[in-house]
Engineer: 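My questions all concern the structure below.
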Amino acid sequence: MKKLLFTVAIGLAVASCSSSRSLNSGGGEVTGVGGTSWQEPTPYGMVLVDRGSMKVGPAEADSLWGIEAEARGISVDGFWMDETEITNSKYKQFLFWVRDSIIRERLADPAYGGNEAFKIEEDREGNPITPRLNWSRPIPWKNANEDEQRAIESVYRTNVITGVRELDPEQMNYRYETYNLTEAAKRKHRLNAERRDYNTDHEVDYTMPVISKDTAYIDDEGKIVRQTISRALTGDFDFVNTYIVNVYPDTTCWVNDFENAYNEPYVRMYFSNAGYNDYPVVGVSWEQANAFCAWRTEFLKRSLGKQAVYVEPYRLPTEAEWEYAARAGVDKNKFPWEGDLPLTESDGCFYANFKPMEGNYVKDGNIITSRVGTYSPNEFGLYDMAGNVSEWTSTAYTESINKLTSDLNPEYRYNAAKEDPYKMTRKIVRGGSWKDVAHNIRGDIRMWEYQNEQRSFIGFRCVRSHVGFNRAKKRKN
C-alpha cells in the first residue's frame with residue numbers, strides 16, 4: 001500500500017514539474033482517444049472549393065431588370081465540385097447501367113430463361129459485375145442464346161419512322177432510396193418523448209409525431225406511381241424515401257422549347273450522336289439529376305469496399321455553394337471573372353457561351369451549347385459557371401427564401417408531395433445558358449424552374465462535401 005501511494009505521489013510530482021511534456025494515461029490525466037483518419041482521394045474530374053464567406057445576391061438595384069439590392073453575408077464549408085457540367089457521355093454511362101440492370105433482372109426471370117440462363121459474375125469484394133453492352137448494336141452479345149437474346153431485345157424498340165433499333169425510353173426507370181438525416185435528427189422526431197422538449201414547465205407529450213415520407217412503385221400497367229405517406233413515427237426507417245425515376249432525357253425539348261423552329265436534327269442527334277458526347281446533357285429534370293447523383297454515389301461506393309462508409313454522397317449543389325463557387329468567393333464579381341462584361345474590351349474574346357446580340361447566337365462561336373471546358377475557368381478552376389447551360393441546384397424556390405435560410409451553409413429544401421400545388425415544385429437554377437443575354441448569365445442572380453421540367457438549356461453538375469480539414473484561402477473582396 002505504501003509503495004502504491006509513493007508511486008502515485010511521484011507521478012503527480014512529475015506531472016506538476018513537467019508542464020511542457022505530453023502526459024500519458026498513467027498519470028491519471030485525460031489525453032484523448034487516438035485513431036486513424038481516412039484520407040479522402042480526390043474525386044475524378046472534381047476540384048476542391050475551399051470553405052469561405054462572401055456576400056451573395058446582387059449588391060446593386062436595377063429597376064430596368066426588376067432587381068433589388070439584397071446582398072447578404074453567408075459562409076459555406078469546403079466541397080468538391082465537378083469542374084465541368086455533366087456531359088452526354090457521362091449521363092449515357094448512367095443510362096447504360098440502368099439498361100444493363102434491367103437486362104440482368106430479366107435474365108434471372110423464368111420468362112426469359114431463369115437463373116441458369118445467365119451467371120452473374122462477382123468481383124473480389126463479392127459485388128456483382130455489370131456486363132458492358134454496346135449502345136449501337138441491336139443484339140449486344142454475339143453469343144447470346146435464345147433466352148438471353150429475348151431479354152436483351154426486350155429493352156429495345158424499332159423506330160417506326162427510321163427503322164433504327166434504339167433503347168425504349170419508357171423502360172429506363174431507376175429506383176433508389178435516400179435517408180433524410182436532416183428530418184431524422186430533429187428533436188421533434190425523437191422516439192423518446194422526454195427528449196423531444198427539454199422545457200420542464202409543461203408535461204411531456206407522449207403522442208407520437210406524424211411524419212411524411214415519399215414512396216414509389218410500378219403498377220401492373222408498368223406506370224410509375226409516386227405517393228407521399230403520412231403516418232405516426234415508428235423508427236428510423238420512416239425517414240427513408242423511395243423514388244423511381246425515368247432517367248431517359250427528353251430529346252424533344254429542342255422542339256418544345258422553340259415554337260416554329262426547325263430543331264429536329266438536335267432531337268435526333270444531340271444525345272445519341274457521339275459527336276456531342278462532350279457537350280452538356282440537357283433535357284434532364286431536377287428529379288433526373290438527383291437520380292444521377294444517387295447512382296453516382298452507389299457506383300463509387302461499390303468500388304471502395306469497407307472505406308465506402310466514409311464517403312459523402314454526390315448531390316446537387318446548394319444555391320449558396322453554387323454562387324460562392326461561380327463568383328470565386330469574390331464579392332465584387334458579378335460574373336465568374338473580374339469586370340462587368342462577358343468579353344474582353346481589347347480583342348472581343350468571349351468569356352462564355354451566351355447570346356451576344358438579338359438573333360445572333362453564333363457571334364461567340366457557337367449556335368447552341370458548346371463543348372464543356374471550351375472557355376477559360378474561373379479562379380477556382382471551374383468551367384462554364386456562366387452560360388452554356390443553366391444548372392440545377394438542390395434549393396427550393398420561394399419568394400421569401402432569403403428570410404428563411406441561415407447564414408451558415410444556407411439551404412432551403414421542400415419535397416413537394418403529389419397533392420401540393422404545382423408552384424411548390426419550383427427549384428432554383430443558376431448561371432444562365434447559351435440562349436440568354438449577358439445580363440442573365442450573371443452569377444449573383446437567381447432563376448427557377450419546375451422540378452419535373454426538361455429544358456434544352458438546363459443541365460447540372462455534382463458536388464460532394466469535403467471530409468476533413470481544409471485551409472481557406474484569402475480572397476480579395
Side-chain angles (χ1 to χ4, degrees), residues 87-177 216-225 242-252 264 267-277 281 283-284 288 291-292 294-296 298-303 454:
T87 61
N88 284 322
S89 178
K90 290 183 177 180
Y91 197 85
K92 282 179 185 178
Q93 185 178 356
F94 171 38
L95 187 63
F96 293 174
W97 189 95
V98 173
R99 174 199 63 182
D100 295 354
S101 297
I102 295 172
I103 294 174
R104 288 168 62 86
E105 290 179 1
R106 291 179 180 176
L107 286 169
D109 189 328
Y112 295 96
N115 293 324
E116 298 301 322
F118 180 68
K119 182 179 179 181
I120 298 177
E121 297 181 8
E122 295 181 344
D123 60 18
R124 294 180 180 179
E125 299 293 335
N127 298 315
I129 300 175
T130 303
R132 293 293 171 203
L133 305 184
N134 190 330
W135 167 270
S136 60
R137 293 181 60 84
I139 304 176
W141 297 339
K142 294 181 179 180
N143 299 323
N145 61 35
E146 185 177 346
D147 294 323
E148 292 170 349
Q149 179 179 331
R150 186 164 60 251
I152 296 167
E153 283 287 305
S154 69
V155 297
Y156 287 82
R157 70 177 185 183
T158 300
N159 189 306
V160 295
I161 305 299
T162 64
V164 173
R165 293 291 289 166
E166 59 188 17
L167 274 182
D168 183 0
E170 298 298 322
Q171 297 188 54
M172 298 299 105
N173 300 323
Y174 177 64
R175 181 186 184 278
Y176 70 99
E177 294 179 339
Y217 64 92
I218 296 179
D219 64 15
D220 294 337
E221 297 180 356
K223 296 181 179 179
I224 299 173
V225 179
T242 302
Y243 300 99
I244 301 176
V245 180
N246 183 278
V247 297
Y248 202 97
D250 182 7
T251 58
T252 67
E264 289 182 17
V267 175
R268 287 190 289 266
M269 296 190 301
Y270 186 81
F271 185 67
S272 62
N273 192 306
Y276 287 100
N277 271 356
V281 66
V284 174
Q288 291 172 315
F292 178 92
W295 165 80
R296 189 175 178 183
E298 177 187 359
F299 193 69
L300 173 65
K301 287 189 173 184
R302 286 189 174 192
S303 68
Q454 299 157 294

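A quick note: this is a predicted structure, and the numbers were derived from the prediction, not measured.
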Engineer: Of D100, N88, L167, which is the lone residue that meets side-chain contact (heavy atoms from CB on, under 4.5 Å) with L95?
Structural biologist: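 Among D100, N88, L167, the one that satisfies the side-chain contact (heavy atoms from CB on, under 4.5 Å) with L95 is L167.
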Engineer: As a quick check of understanding, evaluate ring-ring contact (aromatic ring centres under 6.0 Å, His included) for F94 and W97, giving each step before the final call.
Structural biologist: CA-CA 5 Å; F94 171 38; W97 189 95; 7.6 Å; no
Engineer: Answer yes if the side chains of R99 and Y248 hold a donor-acceptor pair under 3.5 Å, and no otherwise.
Structural biologist: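 There is no such pair (donor and acceptor under 3.5 Å, judged by atom type) between the side chains of R99 and Y248.
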Engineer: Can you confirm whether V155 sits close enough to M172 that some side-chain heavy atom of one is under 4.5 Å from a side-chain heavy atom of the other?
Structural biologist: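 The answer is yes; the side chains approach within 4.5 Å.
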Engineer: Can you check whether Y176 reaches W295 side chain to side chain, under 4.5 Å on heavy atoms?
Structural biologist: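 In short, these two side chains do not touch, never coming nearer than 4.5 Å.
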Engineer: For residues I218 and N173, report the shortest heavy-atom separation together with the two atoms involved.
Structural biologist: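 In this case the closest contact between I218 and N173 is CD1-ND2, 4.1 Å.
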Engineer: If you take all heavy atoms of K92 and S272, which pair is closest and at what distance?
Structural biologist: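 Smallest interatomic distance, heavy atoms only, reads NZ-O, 3.5 Å.
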Engineer: Which heavy atom in P249 sits nearest to a heavy atom in Q454, and how many Å separate them?
Structural biologist: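 The answer is C-NE2, 4.4 Å.
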Engineer: Identify the heavy atoms of S154 and R106 that sit nearest to each other, and give their distance.
Structural biologist: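 Looking at all heavy atoms of both residues, the closest pair is OG-NH1, 2.7 Å.
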Engineer: Could you report the tightest heavy-atom contact between R175 and T242, atom names first, then the distance?
Structural biologist: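 It is NH2-CG2, 3.7 Å.
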Engineer: Quick one: pull up CD1 in I152 and CZ in R104 and give me the separation to the nearest 0.5 Å.
Structural biologist: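 Here the interatomic distance stands at 12.5 Å.
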Engineer: Say you draw a straight line from CD of E264 to CE of M269; how long is it, rounded to the nearest 0.5 Å?
Structural biologist: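 Result: 11.0 Å between the selected atoms.
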Engineer: Between I103 and A151, which heavy-atom pair has the shortest distance, and what is it?
Structural biologist: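 Taking every non-hydrogen atom into account, CG1-O, 4.1 Å.
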Engineer: Please name the residue in the list R296, R302, K301 that meets the side chain to side chain donor-acceptor pair (under 3.5 Å) test with E298.
Structural biologist: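 Testing E298 for a side chain to side chain donor-acceptor pair (under 3.5 Å) against R296, R302, K301 leaves exactly one candidate, R302.
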Engineer: Hey, could you give me the CD/CG distance between Q171 and N246, rounded to the nearest 0.5 Å?
Structural biologist: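 Going from CD on Q171 over to CG on N246, the span is 10.0 Å.
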Engineer: Calculate, to the nearest 0.5 Å, the distance between atoms CG and CD belonging to D168 and E153 respectively.
Structural biologist: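 Here the interatomic distance stands at 12.0 Å.
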Engineer: Go through V267 and T251 one step at a time and tell me if the side chain to side chain contact (heavy atoms under 4.5 Å, CB included) criterion holds.
Structural biologist: CA-CA 5 Å; V267 175; T251 58; 4.1 Å; yes
